[in-house]
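This report refers to the structure that appears directly beneath it.
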Amino acid sequence: MRALTVVLAMLVVARPIHGQPANTTTNAPAAEDSVDLTPSQLNAIKIEPVGIQVFREEKEAIGNIDFDEDLSVQVFPPYQGKILKTFAELGDDIKSGQPLYTIDSPDLIQAESTLIGAAATLELTGKELARVKALYTTNGISEREIEQATSEQQTAQGALNAARDSLRIFGKTDAEIDQIVAKRQIDPALIVRSPLAGQVTFMNAPPGVLVQPGTAPAPYSVADVSVKWLLADVTEIDSSLYRVGQSLEARVMAYPDQVFKGKITKIYATIDPTTHRMTVRSEITDPQHELKPGMLANFVIQVHDPVEATAIPFDGVVRNADGTMVAWVTTDRHHFVQRIVKIGLQTDGQYQILAGLRPGELAVTDGAIFLSNILYAPPSD
């Protein structure tokens with residue numbers, strides 16, 4: 001029985017391990033795992049020299065499109081009043097200075113009344129000055145009286161100029177002011193105009209509603225929609241990677257084949273405590289008005305400069321059971337040796353190889369799993 005046990009032990013020691021020669025001893029260094037393929041088996045793989053690829057370190061994020069708030073304005077009336085009439089609808093394209101709505105303003109009525117009164121006073125003092133000048137030529141009045149009439153006429157002129165300036169503050173043009181003076185008729189409608197060219201993005205102006213300066217909501221909002229904001233929500237763990245000026249690409253579902261490019265212009269200072277995400281903002285020109293606020297967008301942000309590195313296709317790398325990543329190299333296209341590699345970035349179906357392969361080496365670029373299956377196949381009985 002003891003002799004049988006010794007024989008079995010000798011057989012176990014002599015049995016070859018997969019990928020190692022049969023004469024390997026426990027004290028000798030292990031040889032590289034290798035596989036020899038027959039000509040027919042070569043049809044299952046693809047062999048190419050290891051190449052060079054440009055890799056970009058990118059991060060993906062989800063976000064949305066919004067108006068450029070720096071180019072958007074709420075159009076409040078300069079004075080309190082009731083809306084009389086509107087001239088633009090939601091979505092209309094607006095020119096700078098174009099009328100949006102009118103209000104019936106008591107302040108405007110008072111200013112126009114003051115204008116009409118000042119014009120009447122100026123007319124009266126002008127007639128009085130002309131009369132005293134005529135009498136002065138005939139020595140009918142003293143020089144003091146003519147000076148008094150001149151002073152009153154100048155005061156009336158100043159009051160009229162001030163009244164005209166007041167109406168200009170309300171947005172009245174000189175032609176409209178002249179018409180009020182000529183007709184001696186009050187125009188209660190204060191015209192509120194757009195301060196910039198753009199598009200009506202909000203409207204809440206039913207006739208009869210009382211509006212006041214600075215009291216939300218404004219009757220109208222106008223925005224320059226030729227520029228949009230791209231707002232990407234990035235993860236908290238990656239927040240330290242982002243910098244102003246980094247390039248990004250965005251895609252929206254409405255235009256799946258179109259890429260909108262921009263650069264990060266602002267990184268927001270806070271992180272949402274619920275989602276643990278931070279917002280980064282980019283600006284993009286949109287002359288065709290293709291991007292609509294609220295659209296969902298997928299972002300790809302380049303967080304580092306591109307690097308040129310050794311590369312191998314995805315199908316040329318296999319993950320072993322112990323977690324190591326391996327590739328297969330050859331010098332004669334018959335004998336293949338397994339090589340542990342360290343991978344980095346990924347782009348366009350290629351792994352960046354940080355260690356384990358050199359450019360120009362012959363490697364299996366498609367079918368590496370086929371070789372691994374042969375190597376680790378259980379021995380046949």
Side-chain angles (χ1 to χ4, degrees), residues 73-88 94-198 204-222:
V73 62
Q74 299 181 70
V75 186
F76 289 100
Y79 296 93
Q80 176 180 303
K82 292 182 179 180
I83 292 181
L84 296 175
K85 187 177 181 181
T86 59
F87 302 103
I94 300 297
K95 296 179 180 178
S96 179
Q98 181 174 332
L100 294 177
Y101 60 97
T102 58
I103 63 172
D104 183 1
S105 171
D107 294 319
L108 175 62
I109 294 174
Q110 179 61 44
E112 290 180 347
S113 298
T114 300
L115 173 70
I116 292 173
T121 300
L122 178 64
E123 183 178 351
L124 181 62
T125 56
K127 290 179 180 180
E128 178 63 17
L129 179 60
R131 186 184 68 81
V132 296
K133 282 183 177 180
L135 292 175
Y136 180 74
T137 57
T138 60
N139 295 321
I141 60 173
S142 66
E143 185 175 348
R144 180 177 180 180
E145 288 179 294
I146 195 171
E147 290 175 351
Q148 178 67 31
T150 300
S151 175
E152 292 175 353
Q153 196 273 340
Q154 291 174 346
T155 300
Q157 183 64 59
L160 179 62
N161 291 341
R164 293 179 68 95
D165 290 340
S166 296
L167 285 184
R168 291 190 184 98
I169 295 175
F170 283 92
K172 294 292 185 180
T173 65
D174 286 338
E176 291 171 333
I177 294 172
D178 291 340
Q179 189 174 17
I180 293 171
V181 172
K183 293 183 177 182
R184 297 292 196 272
Q185 184 177 349
I186 291 175
D187 179 8
L190 170 61
I191 299 175
V192 181
R193 304 175 186 273
S194 174
L196 54 80
N204 182 31
V209 68
L210 179 67
V211 290
Q212 301 184 60
T215 302
Y220 279 82
S221 289
V222 178

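For the pair Ile94/Leu196, no side-chain contact is recorded, criterion being any heavy-atom separation below 4.5 Å from C-beta on. Counting heavy atoms from C-beta outward, Ile103 and Leu84 have side chains that stay 4.5 Å or more apart. Taking the side chain as every heavy atom from C-beta outward, Lys183 and Ile180 never approach each other to under 4.5 Å. Annotation: side chain of Leu100 is in contact with side chain of Val222 (closest heavy-atom distance under 4.5 Å). Side chains of Glu152 and Thr121 form no contact here, defined as non-hydrogen atoms less than 4.5 Å apart. Contact check for Leu167 versus Thr114: no side-chain heavy atoms found under the 4.5 Å cut-off. Looking only at side-chain heavy atoms (C-beta outward), Arg164 and Asp178 come within less than 4.5 Å of each other. Contact of the Gln80 side chain with the Thr215 side chain is not registered, since no non-hydrogen atoms from C-beta on lie closer than 4.5 Å.
A distance of 10.5 Å separates OG of Ser194 from OH of Tyr101, quoted to the nearest 0.5 Å. Note: Asp165 CG to Leu160 CG = 9.5 Å, rounded to the nearest 0.5 Å.
For Lys127, the salt bridge (Lys or Arg N to Asp or Glu O under 4.0 Å) criterion is met by Glu123, not counting sequence neighbours.
A donor-acceptor distance shorter than 3.5 angstrom exists from the side chain of Thr155 to the backbone of Ser151, with no hydrogens or angles considered. Listed for the Ser166 side chain is a donor-acceptor partner under 3.5 Å among the backbone atoms of Ala162. For the pair Tyr220 (side chain) and Ala88 (backbone), a donor-acceptor distance under 3.5 Å is present. Formation of a donor-acceptor pair under 3.5 Å by the Thr102 side chain with backbone atoms of Lys85 is found in this model.
Taking every heavy atom of both residues into account, Arg193 and Pro99 meet most closely at NH1-CG, 3.5 Å. Scanning both residues, Ala205 and Thr86, for their nearest heavy atoms gives O-CG2, 3.4 Å. Residues Glu112 and Ile186 share a closest heavy-atom pair of OE1-CG2, 2.8 Å. Shown here for Glu176 and Lys172, the closest heavy-atom pair between the two residues is OE1-CA, 3.4 Å. Across Leu190 and Pro78, no two heavy atoms sit closer than the pair CD2-CG, 3.9 Å. Ser105 approaches Tyr79 most closely through the heavy-atom pair OG-CB, 3.9 Å.
Comment: Arg131 engages Glu128 in a salt bridge, judged by a side-chain N to carboxylate O separation of less than 4.0 angstrom.
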* To do: Please step through side chain to side chain contact (heavy atoms under 4.5 Å, CB included) for the pair Leu122 and Gln153, ending with a clear verdict.
  => CA-CA 6 Å; Leu122 178 64; Gln153 196 273 340; 3.5 Å; yes
